[in-house]
Amino acid sequence: MQKEGFILTHAKIFKNLKERILNLLKDLDLEKLQLETTSDEYQDILERRDIVLDGIENIPVDHSLFPRWYYNEMEKEVKNYFMEIVVNTNDASEIIEKIEERFERECRSTWSEKIVVKTTLAELLIRHSIKPENEFLSLKIELEQFDMNEIGQLLTESEKFDLSIRIKEVLSEI
């Protein structure tokens with residue numbers, strides 16, 4: 001039996017969604033469910049419901065008013081898009097241009113999204129031995145000038161810690 005659902009893998013959850021899911025699970029008609037299922041199915045459903053309830057209760061609430069990417073999702077999406085581009089070109093300028101074009105809205109949206117995109121892009125360029133000339137200088141300046149305090153509550157403390165380590169490693173290799 002799978003013990004973890006999709007929603008339980010998120011670092012944060014919007015307040016209204018959390019309340020809605022909790023209410024739906026708590027409002028299940030257990031009597032009707034018991035009549036329409038076998039005792040094993042009923043027990044399985046109750047166990048799964050309790051796992052989800054416990055999991056949802058432990059997910060921190062995201063107080064942002066606007067939808068946005070989460071840290072790991074953003075990093076993964078940049079990596080995936082980078083790999084699509086690298087199949088067709090190793091030209092650093094073209095890769096950077098395409099990444100910046102694809103994630104332009106996200107980079108304007110929040111500091112956390114912008115810095116995750118830039119850090120992930122720099123990591124990938126280094127890892128794939130793609131050496132941009134002038135572009136690394138602008139990436140380096142952006143990463144050096146970045147102040148983790150500007151993120152506020154957009155990232156968890158562990159995400160901030162991870163991002164700061166990643167930035168330091170990138171800056172040491174540029």
Side-chain angles (χ1 to χ4, degrees), residues 1-85 98-124 142-143 145-170:
M1 168 173 51
Q2 183 180 345
K3 297 278 186 194
E4 187 174 295
F6 175 75
I7 193 74
L8 299 180
T9 63
H10 285 26
K12 293 183 179 180
I13 187 171
F14 287 108
K15 182 180 183 211
N16 291 343
L17 178 60
K18 183 174 184 172
E19 289 173 0
R20 197 162 139 227
I21 292 171
L22 289 172
N23 288 336
L24 285 171
L25 289 172
K26 290 176 182 175
D27 291 344
L28 284 175
D29 186 347
L30 298 179
E31 289 177 14
K32 183 176 181 183
L33 195 59
Q34 192 171 21
L35 292 173
E36 295 182 9
T37 59
T38 67
S39 63
D40 286 342
E41 290 171 332
Y42 181 72
Q43 277 308 122
D44 187 48
I45 291 169
L46 289 179
E47 288 174 19
R48 288 173 186 241
R49 182 199 65 174
D50 291 344
I51 290 168
V52 173
L53 281 170
D54 290 343
I56 295 274
E57 289 285 354
N58 294 322
I59 298 175
V61 171
D62 185 344
H63 296 284
S64 174
L65 299 175
F66 305 102
R68 58 185 166 75
W69 292 85
Y70 290 107
Y71 180 74
N72 291 327
E73 292 172 335
M74 177 61 75
E75 180 183 3
K76 183 179 177 182
E77 187 64 24
V78 173
K79 286 178 179 178
N80 289 341
Y81 190 64
F82 180 90
M83 295 311 293
E84 289 176 24
I85 297 168
K98 287 184 179 205
I99 294 282
E100 288 178 345
E101 183 178 292
R102 161 64 182 86
F103 295 99
E104 178 183 5
R105 183 179 58 86
E106 289 82 357
C107 288
R108 282 184 291 143
S109 179
T110 68
W111 268 106
S112 63
E113 289 174 321
K114 179 178 182 175
I115 205 67
V116 170
V117 169
K118 300 291 183 166
T119 303
T120 306
L121 174 58
E123 288 172 329
L124 292 166
E142 283 189 75
L143 293 177
Q145 292 177 345
F146 176 70
D147 179 4
M148 194 64 71
N149 295 320
E150 294 180 26
I151 289 180
Q153 299 298 314
L154 295 175
L155 297 178
T156 65
E157 290 305 314
S158 63
E159 290 169 340
K160 288 178 187 178
F161 180 73
D162 182 64
L163 182 58
S164 66
I165 290 171
R166 292 174 58 208
I167 291 170
K168 286 176 188 170
E169 288 175 357
V170 164

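Everything numeric in this text was worked out from a predicted model, so none of it was measured.
- Rounded to the nearest 0.5 angstrom, Leu33 CG and Arg49 CZ are separated by 9.5 Å.
- A salt bridge between Glu123 and Lys118 is absent, with no side-chain N of the basic residue lying under 4.0 Å from a carboxylate O of the acidic one.
- By the 4.5 Å heavy-atom criterion applied to side chains, Leu46 and Leu30 are counted as neighbours.
- Here the straight-line distance linking atom CG of Asn72 with atom CG of Asp162 works out to 7.5 Å at 0.5 Å rounding.
- The closest side-chain heavy-atom distance from Glu47 to Asp50 is not below 4.5 Å.
- Taking all atoms of both residues into account, the shortest heavy-atom contact from Val78 to Leu121 is CG1-N, 4.3 Å.
- Of the possible donor and acceptor atoms, none in the side chain of Thr119 sits under 3.5 Å from a partner among the backbone N and O of Val116.
- If you take CE on Met74 and SG on Cys107, they are separated by 7.0 Å, rounding to the nearest 0.5 Å.
- Screening residues 18-34 for salt bridge (charged side-chain N to carboxylate O under 4.0 Å, His left out), with sequence neighbours left out, gives Lys15-Glu19, Lys26-Glu57.
- Counting heavy atoms from C-beta on, the side chains of Arg108 and Glu104 come closer than 4.5 Å.
- Ion pairing between Lys98 and Glu84 fails under the 4.0 Å rule for side-chain N and carboxylate O.
- Taking 4.5 Å as the limit, some side-chain heavy atom of Ile167 sits within range of a side-chain heavy atom of Ile115.
- For the atom pair CD (Glu113) and CD (Glu75), the distance works out to 14.0 Å, reported to the nearest 0.5 Å.
- Qualifying side-chain contact (heavy atoms from CB on, under 4.5 Å) partners for Lys160, counting only residues two or more places apart in sequence or in other chains: Met148, Ile151, Leu155, Glu157.
- Proximity of Glu36 to Glu41: side-chain heavy atoms (C-beta onward) are nowhere separated by under 4.5 Å.
- Between Phe82 and Thr120 there is no side-chain heavy-atom pair separated by less than 4.5 Å.
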